[in-house]
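No experiment lies behind these values; they were computed from the predicted model shown. Convention: sequence-line order gives letters A, B, ...; per-chain numbering from 1.
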There are 2 protein chains.
Amino acid sequence: MSDLLERLRDRGWRLTSQRRVVAEVLDGEHVHLTADEVHARAVARLPEISRATVYNTLGEMVALGEVLEVATDGRAKRYDPNARHSHQHLVCSGCGAIRDVHPDGDPIAALPAAERFGFTISGAEITYRGLCPDCA
Amino acid sequence: MSDLLERLRDRGWRLTSQRRVVAEVLDGEHVHLTADEVHARAVARLPEISRATVYNTLGEMVALGEVLEVATDGRAKRYDPNARHSHQHLVCSGCGAIRDVHPDGDPIAALPAAERFGFTISGAEITYRGLCPDCA
DNA sequence: CTTACTGCAAACCATTTGCACGATC
DNA sequence: GATCGTGCAAATGGTTTGCAGTAAG
């Protein structure tokens, strides 16, 4: 289970009840919650936790590289605890559901040198768009 | 030049001075302006144009599929008039500059059936991240 | 002449911040 | 006991909306 929490602890992260709850709530496979959803679930376990703390905590986890920020282009950013395993996202244009997917091949390799304009490429994110079985 | 404007006119779009100015300002290659930048440039040509109209107009062009919304994950959305030619984006992690790029191969084809979870895939967006020559 | 676009200002929503209090090392 | 995290509430920035006025077809 709490893979994420363990990783954070190993990095000498100062541990408080709020931070622990945020990490626990966010952890898992195919989890892509908004800050507000994280807050709602955190409140269920720790009623006094504030939105500001949730935002701060998520921001720190992103800065540490343990959590990924996903802008699916809707309104609010979503947070993906699975930052360690490279994966891409499949987003339903109907209901906004997100799945993690693993395409074949390395997208970075597909970008020819002539198309790099002198940039040093450090990563690539792919968002597949489509309709899920329920929305089709 | 005003390819975008022409396309919009062909679709029977009601033409007003404001809309024309927005389309003109936005058109071109490698153009990725924020709504606010569009407004600033539009004001230079048509001083009374309001932010609300710029937002409405951009939203309509996006709904018509003639303009692409690009969420580079920074603060404001950017608008790309080049919705007709499939291309991907290269974003500088330093200064936020954007370049259009054309990778080899079709990213959709790289997603195996087993990874589609019953979704009907309609498109894929790739964002390459890196440092531009100036920021490196 | 009718319909639809525009401008204004106020509303909205997600997120950030300043600051005093409280908990951790 | 010094430092750092937390909570509150207010501020911010981007975007949307309601409504009266105005222009396009």
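Nearest-nucleotide positions on DNA chain D place B:Arg78 closer to the 5' end than the other of B:Arg78 and B:Arg14. Along DNA chain D, the nucleotide closest to B:Thr16 and the one closest to B:Arg51 are compared, and the more 5′ of them pairs with B:Arg51.
Rounded to a whole Å, the CG atom of A:Leu15 is 10 Å from the C1' atom of C:dT24. One atom, CD1 of B:Ile49, and another, P of C:dC8, lie 11 Å apart when rounded to the nearest Å. Across the protein-nucleic acid pair, B:Lys77 atom NZ and D:dT16 atom C1' stand 10 Å apart, rounded to whole Å. If you measure from atom CG of A:Asp36 to atom C1' of C:dT15, you get 10 Å, rounded to the nearest angstrom. Taking atom CD of residue B:Glu37 and atom P of nucleotide D:dG13, one finds them 16 Å apart after rounding to whole Å. Regarding B:Tyr79, its OH atom lies at a distance of 12 Å from the P atom of D:dG14, rounded to whole Å. At whole-Å resolution of the value, CZ in B:Arg9 and P in D:dA24 are 14 Å apart. Atom-to-atom, CH2 of B:Trp13 to P of C:dC5 comes out at 9 Å; the value is rounded to the nearest Å.
Checking C:dG7, D:dG7, D:dG5 against the side-chain heavy atoms of A:Gln18 singles out D:dG7 as nearest.
Between its opening and closing five pairs, the helix from C:dC1-D:dG25 to C:dC25-D:dG1 changes axis direction by 40°, a value rounded to 10 degrees.
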Look for any protein N or O under 3.5 Å of an N or O in nucleotides 18-21 of chain C and output each such pair with its distance, or none.
none

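At least one side-chain nitrogen or oxygen of A:Arg19 sits closer than 4.0 Å to the OP1 or OP2 atom of D:dG5.
No more than 12 heavy atoms of other residues, nucleotides or ligands lie within 6.0 Å of CZ in B:Arg41, so this atom counts as exposed by the packing criterion.
No continuous path of hydrophobic side-chain contacts links A:Val25 to A:Leu68 [ILVMFWY only; heavy atoms under 4.5 Å].
Under the 4.0 Å criterion applied to side-chain N and carboxylate O atoms, A:Asp3 and A:Arg84 are not assigned as salt-bridge partners. Contact check on A:Arg78 versus A:Glu69 returns no salt bridge, with no Lys/Arg side-chain nitrogen under 4.0 Å from an Asp/Glu carboxylate oxygen. Salt-bridge formation is detected for the pair A:Arg19/A:Glu60: a Lys NZ or Arg NE/NH1/NH2 atom is positioned less than 4.0 Å from an Asp or Glu carboxylate oxygen. Under 4.0 Å is where a charged nitrogen must lie from a carboxylate oxygen, and between B:Glu115 and A:Arg99 no such pair does.
Distance check, rounded to the nearest 0.5 Å: CD of A:Glu29 to NE2 of A:His85 gives 7.5 Å. B:Ser17 OG to B:Arg45 CZ: the interatomic distance, rounded to the nearest 0.5 Å, is 12.5 Å.
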Go through A:Asn82 and A:His30 one step at a time and tell me if the side chain to side chain donor-acceptor pair (under 3.5 Å) criterion holds. CA-CA 8 Å; A:Asn82 221 9; A:His30 300 291; over 6 Å; no
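If you check every strand for non-hydrogen atoms under 4.0 Å, A:Arg75 touches sugar and phosphate atoms only.
Closest approach of B:Tyr79 to B:Thr34, counting heavy atoms only: CD1-C, 4.4 Å. Nearest approach of B:Pro107 to A:Tyr128, heavy atoms of both residues: O-OH, 3.1 Å.
A 4.5 Å side-chain heavy-atom check between A:Thr72 and A:Ile98 finds at least one atom pair inside the cut-off.
Contacts of residues 53-67 of chain B with DNA chain D (heavy atom under 4.0 Å): B:Tyr55, B:Asn56.
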